[in-house]
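Input: a single structure, listed below in structure tokens.
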Amino acid sequence: LTQIAQVLGMVESTIASSERVFDFLYEEEMSKEENKKYLDPKKVKGDITFKHASFGYDKNPIIKDFSATAKAGSTTAMVGPTGAGKTTLLKMMTGVLKPDKGYITIEDYDIVQDPIEAKSIIGYISDNPDMFLRLTGIEFINLIADIYNIPVSVRKKRIMDLTSKFDVYDLLDKPMQGYSHGNRQK
């Protein structure tokens, strides 16, 4: 019975993941005009390049000779089963883990050699932001905006536009611990 329960749990998890991927794939893309309101393509920086990147623990390789490029401003998805290395790739890309071999660059800045410059270009939303859950949404957004030196005059409009677009404006004054998992990621 235990094995059957484990298999059913894996099937349920796979179905849930598949639904999220298909929701993403079938989501209607914004028109170029609408996209320009949120993202100016001329200002987008940050091609992310993995060149022969490898990582493992002891003699257990997790990532082996991985090479790929995600162009700045593009939408890129990593899809794979549990244990495939998706989270490891993200940790390598953000500098949490150092590749054993190869390198990772963000807009030509090596994440190991130039971590401050590389990290100043990217944004990363963890699937587990528990350490900030006591903050309200607006406190968290302002903290991140301060880290990236976004002037208050600029951030106010962006916060209004994006939180309305993602349907979370009404949550901004509430502690994030009360948000659903999806709303925390938004």
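Below, each value reflects all heavy atoms present in this structure, side chains not excepted, and no hydrogens, waters or symmetry copies.
- Distance alone, capped at 3.5 Å, places no donor-acceptor pair between the Lys86 side chain and the Val79 backbone.
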For residues 91-98, please give each side-chain donor-acceptor pair under 3.5 Å, one per line with the distance, not counting sequence neighbours.
| residue | atom | partner | partner atom | Å |
| --- | --- | --- | --- | --- |
| Thr94 | OG1 | Leu90 | O | 3.0 |
| Thr94 | OG1 | Lys91 | O | 3.3 |

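- Pro175 has its side chain out of reach of Leu133: every pair of non-hydrogen atoms, C-beta onward, lies at least 4.5 Å apart.
- Separating the CG atom in Asn183 from the CG atom in Asp167 is a distance of 8.0 Å, to the nearest 0.5 Å.
- In this structure, the separation between CD1 on Ile48 and OG1 on Thr69 is 9.5 Å, given to the nearest 0.5 Å.
- Residue Leu8 qualifies as enclosed at atom CG: its count of foreign heavy atoms under 6.0 Å is above 12.
- Separation of atoms CD1 (Ile122) and CD1 (Ile106) is listed at 3.5 Å; rounding is to 0.5 Å.
- Shown here are the side chain to side chain donor-acceptor pair (under 3.5 Å) partners of Thr136, two or more places apart in sequence or in another chain: Glu139.
- In the hydrophobic cluster analysis, where Ile, Leu, Val, Met, Phe, Trp and Tyr join through side-chain heavy atoms closer than 4.5 angstrom, Ile144 is grouped apart from Val152.
- Remark: Phe55 engages Tyr57 in a ring pair (Phe, Tyr, Trp, His ring centres under 6.0 Å) (not counting sequence neighbours).
- Counting side-chain heavy-atom gaps under 4.5 Å among Ile, Leu, Val, Met, Phe, Trp and Tyr, the cluster of Leu172 also holds Ile138, Ile141, Ile159, Met160, Tyr169.
- Looking at residues two or more places apart in sequence or on another chain, you find no salt bridge (charged side-chain N to carboxylate O under 4.0 Å, His left out) involving Lys174.
- Within the structure, salt bridge (charged side-chain N to carboxylate O under 4.0 Å, His left out) pairs that include any residue of residues 54-77 comprise Asp47-Lys71 (at least two apart or interchain).
- Remark: Asp161 does not engage Lys165 in a salt bridge, criterion side-chain N to carboxylate O under 4.0 Å.
- To the nearest 0.5 angstrom, Ser54 atom OG is 11.5 Å from Ile62 atom CD1.
- Here the closest heavy-atom approach between residue Ala53 and residue Ile104 is recorded as CB-CG1, 4.4 Å.
- For residues 102-111, no residue pair satisfies the side chain to side chain donor-acceptor pair (under 3.5 Å) rule, not counting sequence neighbours.
- Partners of Pro81 under the side-chain contact (heavy atoms from CB on, under 4.5 Å) rule, at least two apart in sequence or in another chain, are Ala84.
- Residues that satisfy the ring pair (Phe, Tyr, Trp, His ring centres under 6.0 Å) test with Tyr179, not counting sequence neighbours, are absent from this structure.
- Legend: residues meeting salt bridge (charged side-chain N to carboxylate O under 4.0 Å, His left out) with Arg155, ordered by chain and number and at least two apart, are Asp146.
- Judged by distance alone, with hydrogens and angles left aside, the side-chain atoms of Ser67 form a donor-acceptor pair with the main-chain N or O of His52 at under 3.5 Å.
- Atom CE of residue Met176 and atom CZ of residue Arg184 lie 8.0 Å apart, to the nearest 0.5 angstrom.
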